[in-house]
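Please read the structure below before turning to the comments.
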Amino acid sequence: MSIFAEVDHVNRVFVLPDGGEYIALSNIELKIRKGEFISLVGHSGCGKSTLLNLIAGLDKPTQGGIILEGRQVTEPGPDRMVVFQNYSLLPWLTVRENIALAVDSAMKSLPNGERRGIIEHHIDLVGLRHAADKRPAHLSGGMKQRVAIARALAIRPKLLLLDEPFGALDALTRGGLQEQLMRICQESQVTCVMVTHDVDEALLLSDRVVLMTNGPAAYVGQILDVPIPRPRDRMSVIKHPSYYTLRSEVVYFLNQQRRAKRQKARQTVAVARNGLEKVNLDLGFIPLTDCAPLVVAKERGFFEKQGLTEVNLRREPSWKAIESGVRNKRLDGAMMVAGMPLGMTLGFNGKPPVPVVTGITLSRNGNAITFHRRFLDAGVRNLADFKGYIAANPDQKPILGIVHPTSMHNLMLRYWLASAGIDPDRDVNLMVIPPAQMVANLKSGGIDGYCVGEPWNSRAVNEGLGFVMATDLDIWPGHCEKMMGVREDWATAYPQTHLALVKALLEACDYCDDPRNREDVAALLSRSEYVGADPADIRPGLVDAYATGLGEPQDLPRFNQFAFDKTNCPDRTEALWMMTQMARWGIIPFPRNWIEVLDRVRKMEVFSAAAQAVGMMDLGRDRGPIKMFDGTVFNPDDPVQYLQGLSIRQEIDVREVSLDSSRPRVDTPAA
Amino acid sequence: MTAPVNIKGNRSKFDPQKLLEMTWSKVRELLPPAIAILIFLVVWQLFTNSPDSNLPSPIRVVEDTWELIIDPFFDHGGIDKGLFWQIWTSLQRVALGFSLAAIIGIGLGILIGTNKMMYSALDPIFQVLRTVPPLAWLPISLAGFQQANPSAIFVIFITAIWPIIINTTEGVLQIPQDYNNVSRVLRLDRKTYFFKILFPSTVPYIFTGLKIGIGLSWLAIIAAEMLIGGVGIGFFIWDSWNSSRVSDIILAVIYVGIVGLLLDKFITFLGSLVVAEDKSS
C-alpha cells in the first residue's frame with residue numbers, strides 16, 4: 001500500500017515565557033498507509049497530543065512538515081477531522097444540530113436533502129436516534145463521545161484523528177465504544193491516528209502501535225506491528241498468540257521510559273566506603289529459583305560482610321530489561337543468562353556491542369523443557385515422538401517459548417531439537433517471552449511449550465497444564481546457567497567492588513548448596529519481593545523430589561547446583577561452546593579472536609582472587625572436551641571445524657571482532 | 001395483587017398534607033425578612049416619635065403621602081403628576097439610554113474581543129473612562145446637546161456602556177479553545193462562526209454586563225434628573241426637598257429602591273431565558 005500521510009522529520013519547539021525553549025518533539029518520522037489504524041502511545045507529557053495537533057494542522061511544526069496525499073498541511077481542514085479528548089460539542093446545539101453544523105459547512109456542495117440524509121444516517125450509525133434532539137448537557141459521557149465520533153465520520157474525513165477518545169469513560173462504556181469504533185472504521189475504510197495511554201485499547205484497535213519516548217525532545221522509540229487479522233473482536237485479540245508478547249513489549253517500553261524518567265530525577269552517586277569504591281549497588285534479578293544466591297547474599301548478610309552495605313536488588317520484568325538496564329547503566333550489575341555477557345560484548349542480533357564481563361557462575365542446571373498436556377494426549381512423550389508429530393502435522397508449526405536469544409534455554413532447546421533432526425528455525429517457531437509469562441501463554445494457547453528455569457515448569461506441571469519432556473540433566477548435566485554480569489568499564493572503574501561482589505556471591509552460593517539451608521532458601525524465594533510464587537512450585541528440584549508430570553517424582557539432587565562440584569568457576573570451555581551455538585544460529589558472528597574474547601569476558605583472575613580471599617581452594621575446572629547427551633564431543637581446540645561439521649545450522653559468519661570499538665556508542669532504547 | 005392499588009394511591013395529585021407543608025415552608029422563608037422590616041419600622045417610629053423630630057415617623061409618612069399612594073396616576077399638567085408618571089418618565093429615559101448602550105456596547109465588545117489590535121488600542125482608554133463617575137459626564141453632555149432630555153439619556157448611555165463592553169470582550173476572549181478548534185477544523189465561515197459559536201458562548205458574559213449596566217443606569221438617572229429638572233422621579237425628590245415635603249422624599253426613595261430591584265430581576269429573568277438551558281456542556 002502506498003504512503004497516504006507522512007510526518008516528515010518534524011520538530012516542535014515551544015518558546016517559553018521566560019525566553020527559554022522547550023523541545024516537545026524531536027525529529028518525528030512516521031509514514032501512514034491508507035486505511036491504517038495507528039495508535040500513539042506514551043507517558044503523559046510525551047507530546048502525543050502535540051503530534052496529533054500538528055497532523056490536524058491546529059499547530060505548526062517548527063521544522064519539518066506534515067504531508068497528506070502529497071500536499072503539505074498548512075491549516076486545519078475537514079479532511080483531517082479531530083475527535084477531541086473532551087468531546088468539544090457545542091452545548092447550545094442538539095445532537096442533530098451539532099452534526100449538522102459539521103456536515104453543512106464541510107459538504108456545502110451537496111444538495112440539502114442529501115446532507116439531511118447523511119446526518120440522519122450517522123445519528124443511526126452511533127445509535128443515538130432517541131437522543132437526536134437532546135442537548136449535550138442531557139447526555140452521558142459515552143453518548144457525547146458517540147456524537148463526537150458521528151460528527152467526525154459524517155464529513156467523511158480522509159484522516160480521522162482521535163485524541164484519547166475514551167479516556168474519560170468508565171470501562172464498560174469504553175469497551176462498547178471501542179468495538180463500535182472498530183466496526184465503523186472497518187466499514188468506512190477510514191485512516192485513523194489515535195492517541196491513547198491504554199495498552200489494550202491500542203492493541204485492540206491498531207494495525208501499528210507507535211511508542212513515543214518521554215519528553216522533552218520526544219521521538220518515536222519503537223513501532224510495533226499488530227499482526228492480528230481483521231475483523232477483530234476483544235476475545236479473538238486476547239487469544240491471538242502474539243497478544244501477550246505485544247502487550248508485554250508495550251508495557252516493557254512504558255516501564256523502561258518511566259524508569260528512565262525516574263533515573264533522570266535521581267542521578268546516583270557512587271558512595272565509597274569500607275575500602276570499596278562503591279557500596280551502593282543496584283543489582284538486577286529475574287524472579288526465578290536460581291536468583292537464590294543474590295537473595296541469600298542480601299538477606300543472610302554476605303554483601304554486608306564484604307562491605308557492600310547498600311545493595312538494592314531490582315526485580316526486572318524480563319531478560320531484555322536486564323540487558324538494557326546494564327547497557328544504559330541503570331543497573332550496576334545483574335544476574336544474567338549465561339550467554340548474555342558474550343552476546344552483549346559481541347553485539348548479538350546486530351545490537352551495538354557493549355563489553356560485559358563476568359567473574360562468577362551463579363548456578364548450573366535448573367531448567368526444563370515443558371510441553372502442553374495435549375501433546376501427551378496425542379502420544380508425544382519424548383523428542384522422537386515430537387519429531388514424528390511435526391512430520392505428521394506439517395501445517396501447524398509448534399510455537400515454543402524461550403526467554404532470551406543469548407540464554408542457555410534458547411541454545412539448549414535448539415541443540416536438543418537439532419539433535420533429533422528438527423530445524424529450530426524452520427520446523428518450529430521460537431518466541432521470546434519473559435519467564436514469568438510462560439505459563440500464562442501456555443494456558444492461553446499462545447505457545448505449545450517452552451524452555452525455562454524454575455518455578456515455571458513446576459507451575460505448569462502442578463496445574464496439570466503441561467509436562468516436562470526433558471530437564472537439562474538429560475541434555476548436558478552441569479552446564480553453566482546464570483552468571484553475574486557487569487559492564488567492563490564498570491569493573492575497571494570499581495575493581496575492589498567487583499572483587500567484593502564476587503566474594504559475597506561465592507559465599508552465598510556455598511550457603512545455598514548446603515542441604516541444611518535449602519529450606520531457608522526456599523522460604524526466602526517464596527517472599528513476594530523475590531519470586532513470590534507458591535512454595536509448592538518452588539520446592540521441586542530445590543528441596544523436594546522433582547515431578548515431570550510423567551510418572552513418580554524423582555530425587556534430582558543436582559537439579560539446582562549453586563556451589564557443588566566447582567559450579568562457580570567462569571569456565572572458558574563452556575563459554576566457547578556457547579559462542580559456537582550462538583554463531584550456529586546466527587545470533588552472533590563467530591569471533592576468529594575467540595581466545596581474546598573469552599579472556600576479556602570471563603574474568604578468571606577476579607574469580608581466583610575472590611576464591612582465595614574467602615578460603616575456597618581448588619575451584620578451577622579442568623579444561624577438557626564437553627560430552628553432550630547425544631554422544632557428540634565438543635573439542636575446545638577447534639571450534640570452527642566443529643561448527644562446520646554441524647548439519648543443521650545457519651550460515652556461519654567467522655570474522656575478527658574488534659572489542660575496542662572506537663566508534664561512539666549511541667544509547668538507543670532497545671529497538 | 002394489591003400493589004397496583006397502592007401505587008395509584010401514592011400517585012394521587014391532591015395531597016392536602018403536602019400542600020400545607022409547602023405553604024408552611026414558604027411562610028417560614030418569608031418570616032425572617034418580615035420580622036426584620038417590622039423591627040426596623042418600630043425602631044424608626046421610636047426614634048422619630050417626638051413632635052420636634054427632624055424626620056417624620058413611618059406613620060407620619062403614610063399620613064402625609066396618602067394621596068400620592070392611593071392615586072399614582074393623577075396628572076395636573078406641568079410637573080405636577082402622580083408618582084407612576086414620574087417613574088415612568090425616568091424609566092423611558094433609562095430604556096432609551098440603556099438600549100443604546102447595550103447595542104453599541106455588545107457590538108464594540110465583540111469587535112474588540114475578536115481583534116487583537118483593537119483590543120490593545122482601545123482597552124486602556126476604556127479602563128480610564130469607565131472609572132469616571134456618571135455625573136461628571138453631565139456638564140459635558142449639556143454643553144454638547146444643549147437640552148436636558150438628551151443629556152440625561154446620554155449620561156445613562158455612557159454609564160451603562162462600560163460594563164457591557166468589558167464583559168462582552170471578556171466573553172469573547174473566554175470562548176473555549178475547543179470550540180475554536182472545532183470551527184478551525186470545520187473551516188466555518190464568519191457568519192456561521194458568529195451565530196453558532198461566538199455569540200452563544202459569549203451570551204452569559206453579556207448578561208453579566210447588562211445586569212451591572214442596568215443597575216448603574218438607574219443610579220445615574222436619579223442623580224441626573226435632580227440636576228436637569230422636569231418630570232422624573234429624580235426631580236420629584238429634589239422638588240420635594242425644596243418644598244420641605246420630607247415624607248414625599250421617603251416614599252419616592254422607597255419606590256426608587258423597588259424599581260431598581262425589579263429592573264435587576266428583569267434582566268436576570270431575560271438572561272435565564274437565554275442561558276439557563278445551555279448551562280454546562
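Each chain gets a letter, A, B and so on, in the order its sequence line appears, and its residues count up from 1.
- The residue among A/Glu75, A/Met81, A/Gln85 with the most heavy atom pairs within less than 4.5 Å of chain B is A/Glu75.
- In this structure, chain B has no heavy atom under 4.5 Å from any part of A/Ala56.
- Interface remark: B/Ser201 contributes backbone and side-chain atoms alike to the contact with chain A (heavy atom separation under 4.5 Å).
- Applying the salt bridge (Lys or Arg N to Asp or Glu O under 4.0 Å) criterion to A/Arg151, with sequence neighbours excluded, gives no partner residue.
- Within the 3.5 Å criterion, the main-chain N or O of A/His197 finds no donor-acceptor partner in the side chain of A/Glu164.
- For B/Arg190 and B/Phe194, the positive end is not near the middle of the six-membered ring at less than 6.0 Å and at most 45° from its axis.
- The residue among B/Leu188, B/Asp178, B/Thr192, B/Asp189 with the most heavy atom pairs within less than 4.5 Å of chain A is B/Asp178.
- Using a 4.5 Å cut-off between heavy atoms, A/Asn86 touches chain B through its side chain atoms alone.
- Chain B forms more heavy-atom pairs under 4.5 Å with one residue of A/Ser105, A/Ala102, A/Gly77, A/Pro157 than with any other, namely A/Gly77.
- A donor-acceptor pair under 3.5 Å links the side-chain atoms of B/Trp218 to the main chain of B/Val256, judged by distance alone.
- Not a single donor-acceptor pair under 3.5 Å links the side chain of B/Thr159 to the backbone N or O of B/Pro134.
- With A/His121 contributing its side chain and A/Gly117 its backbone, the two residues share no donor-acceptor pair below 3.5 Å.
- Only the side chain of A/Ile155 comes within contact range of chain B, judged by heavy atoms closer than 4.5 Å.
- When A/Leu139, A/Leu101, A/Val82, A/Asp104 are compared by the number of non-hydrogen pairs under 4.5 Å with chain B, A/Leu101 comes out ahead.
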